[in-house]
Amino acid sequence: MKYEVEHPEIRENVAKLCADFPGEYWRKCDREQAYPTEFVQALTEAGFLGVLIPEEYGGSGLPISAACAILEEVHRNGCNAAACHAQMYTMGTVLRHGSEEQKQRYLPGIADGSLRLQAFGVTEPTSGTDTTALRTTARLEGDQYRVNGQKIWTSRAEHSDLMLLLCRTTPRDQVAKKTDGLSVMLVDMREVRGKSLTIRPIRTMMNHATTEVFFDDMPVPKDSLIGEEGKGFRYILSGMNAERILISAECVGDAKWFIEKAAAYAGERSVFNRPIGQNQGIQFPIAQAYSQMRSSELMLREAIRLYEMGENPGEEANLAKMQCADASWAAAEACVQTHGGFGFAEEYDIERKFREARLYQVAPISTNLILSYVAEHVLGLPRSY
Amino acid sequence: MKILVAVKRVLDYNVKARVNSEGTGIDLANVKMSMNPFDEIAVEEALRIKEAGKADEVIAVSMGVSQSQETIRTALAMGADRGILVETDAELQPLAVAKLLAAIAAREEPGLVIVGKQAIDDDSNQTGQMFAALMDWPQATFASSVEIDGEQMKISREVDGGMESLSMSLPALITTDLRLNEPRYAKLPNIMKAKKKPLDVMSPEDLEVDISSRLKTLKVEEPEQRKAGEIVGSVAELVDKLKNEAKVI
């Protein structure tokens with residue numbers, strides 16, 4: 001299979017890096033629910049996680065299409081970038097809204113990997129996607145904030161030095177709009193972990209290093225505030241498109257992995273003295289998945305194109321995320337079905353990839369919310385929630 | 001000292017080669033092309049020699065179609081300092097490549113030339129040897145370890161009976177075996193830097209080299225399909241079949 005691709009030289013080297021991390025490596029991590037430290041280190045040392053950080057702060061300063069090429073290739077080669085993709089983009093909030101002093105202080109370390117910023121505290125047990133209803137508060141006392149509350153589904157918190165935290169600095173009943181009064185701060189977890197910050201891992205159906213996080217009167221220096229107090233919700237929204245686009249690229253990579261696996265197996269597995277891939281019942285689902293993957297890839301490219309032009313591709317980024325996640329899930333399904341019993345065997349890696357691919361129907365935004373967004377903001381229908 | 005490394009653009013080793021419909025060669029339309037794996041080993045070795053402080057410059061050279069620039073950029077991303085492409089759409093046989101390489105060596109005066117022992121497309125395994133003969137240089141083919149000490153170098157080669165050790169003086173030619181080293185992948189900052197490194201493009205005419213083919217390909221065809229094997233019940237049956245059916249003993 002051949003695809004017209006951007007950044008071939010980046011893809012080629014990512015693929016070579018991934019070759020050092022075969023299925024065996026990921027199976028072991030999965031079995032032990034272990035963080036893929038060696039893989040993350042290799043990606044870091046090769047500079048791939050600093051792709052989006054401007055050159056003046058020690059990164060490569062490349063456009064989002066390059067970051068997409070990296071993530072797609074990681075997934076296409078059977079690896080998983082979920083353990084570290086946020087190191088690429090969480091810094092975007094600091095880059096766009098932080099002060100020059102904050103950028104100088106944090107970005108070079110994030111670019112070379114010595115400082116890990118890959119935890120993002122937004123979701124709470126009681127608010128979910130209803131972000132403005134979050135209950136974690138920060139109260140200014142002299143030159144520091146005191147943070148109280150709780151976050152959930154905070155991925156990689158145990159493997160991050162800093163956390164980008166969204167919390168309420170003005171109570172909801174004291175602001176004109178409920179989106180006001182929220183603030184973003186960069187918490188140095190190394191200072192407070194085990195004291196006023198507690199991180200509890202949550203075991204899930206796949207190896208994802210997700211956690212719940214508790215703040216008990218956690219002190220955060222005032223100069224950790226990003227941008228202006230009370231405007232945090234807008235800062236967070238501005239990073240959503242990038243996140244959706246990057247996750248879409250991972251889904252396209254997963255879809256290609258499943259499709260290539262399925263097609264190869266269908267071509268070589270012989271039952272009743274002929275390859276099973278000769279049967280349309282086997283071919284068609286794979287061909288269908290391929291078709292779906294290619295169309296979703298086009299939507300992703302459109303989102304990337306607009307993003308790189310400096311437009312706000314809210315619609316396209318959402319559609320790309322939904323379609324790419326649907327495509328990878330359809331490809332996963334076709335791949336398992338093609339492999340029959342072997343699709344369930346750990347050593348084929350398909351069942352693991354299958355579990356991993358399922359996540360993107362739900363995270364970072366669920367398909368239902370994307371449909372609601374399209375209905376309301378694109379089609380002009382009444383808000384449904 | 002300069003090191004000249006030859007890099008060839010070939011069908012990617014993961015791609016299943018198919019004969020074209022005319023039966024004149026391999027179908028290269030819309031398939032992935034990469035650097036010949038033995039040439040990657042050559043680049044890696046040159047870089048290690050440079051990193052050990054025993055060379056000042058690594059020059060990656062390729063010959064062939066314009067897209068071979070990508071192959072040179074791969075070498076530059078790994079760490080080579082500059083590139084030279086001798087661009088031609090003509091078919092290049094090993095003698096032509098050796099002559100072009102010799103013409104470039106005459107201009108650049110490298111202390112060492114490293115090439116892959118063979119390219120995985122035509123498996124000729126001739127270019128290095130022909131080049132050394134044209135230059136009247138010592139050569140060590142299928143090197144599995146290389147050690148440079150001043151003007152001298154020691155090379156080990158894997159031969160049927162074990163390891164063979166050679167010593168020769170520079171300038172010299174080495175062809176690389178599979179186990180000489182494990183090539184690195186390029187880091188992102190180096191991929192970016194590679195785009196700005198100099199890459200000279202010239203033609204065979206510029207080098208005044210006659211690249212006309214001495215051999216003619218008559219026909220290319222797929223090998224016969226392998227037939228399924230057979231499990232025999234006893235040694236006696238095996239011997240009988242080898243003798244009377246296969247007629248090989």
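The sequence lines fix the lettering, A, B, ..., with proteins before strands; numbering per chain opens at 1.
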Open item on the list: Looking at every heavy atom in both B/P189 and A/G47, which two are closest together, and how far apart are they?
Closed with: CD-CA, 4.2 Å
TODO: Find the distance between CG (B/N14) and CD (A/E260) and round it off to the nearest 0.5 Å.
DONE: 10.0 Å
Task: Enclosure of A/E24 CD (heavy-atom neighbours >12, cutoff 6.0 Å) - done: no
- [ ] Would you indicate whether the side-chain heavy atoms of B/Y185 and A/D20 approach each other to under 4.5 Å?
- [x] yes
- [ ] For atom CD of A/E56, decide whether the heavy atoms of other residues, nucleotides or ligands shown that lie under 6.0 angstrom number more than 12.
- [x] yes
- [ ] Could you grab the distance from atom CG of A/L43 to atom CG of B/L188, nearest 0.5 Å is fine?
- [x] 10.5 Å
Open item on the list: Are there over 12 heavy-atom neighbours, none belonging to B/E182, within less than 6.0 Å of that residue's CD?
Closed with: no
- [ ] Could you tell me whether B/R18 atom CZ has more than 12 heavy atoms of other residues or ligands within 6.0 Å of it?
- [x] no
TODO: Just give me the residue among B/R184, B/K195, B/E70, B/R73 that pairs up with chain A most often, heavy atom to heavy atom, under 4.5 Å.
DONE: B/K195
- [ ] Go through A/L62, A/I70, A/V51, A/V14 and name the one with the most non-hydrogen pairs under 4.5 angstrom from chain B.
- [x] A/L62
- [ ] Answer yes when A/K16 and B/E40 have at least one side-chain N-carboxylate O distance shorter than 4.0 Å, and no when they do not.
- [x] yes
Task: Closest contact, heavy atoms only, A/I10 versus B/I191 - done: CA-CD1, 4.1 Å
TODO: Dump the intermediate steps for side chain to side chain contact (heavy atoms under 4.5 Å, CB included) on B/M192 and A/E55, then the final yes or no.
DONE: CA-CA 11 Å; B/M192 304 314 297; A/E55 281 178 285; 6.0 Å; no
Open item on the list: Quick check for you: to the nearest 0.5 Å, what is the distance between B/K187 atom NZ and A/S60 atom OG?
Closed with: 12.0 Å
TODO: State whether the number of non-hydrogen atoms from other residues, nucleotides or ligands found under 6.0 Å of A/Q288 atom CD is greater than 12.
DONE: no
Open item on the list: Please classify the contact between A/A111 and chain B as side chain, backbone, both or neither, with a heavy-atom cut-off of under 4.5 Å.
Closed with: neither
Task: 4.5 Å side-chain heavy-atom contact, A/E12 and B/T74 - done: yes
Task: Under 3.5 Å: donor-acceptor pair, side chain of A/N13, backbone of B/A186 - done: yes
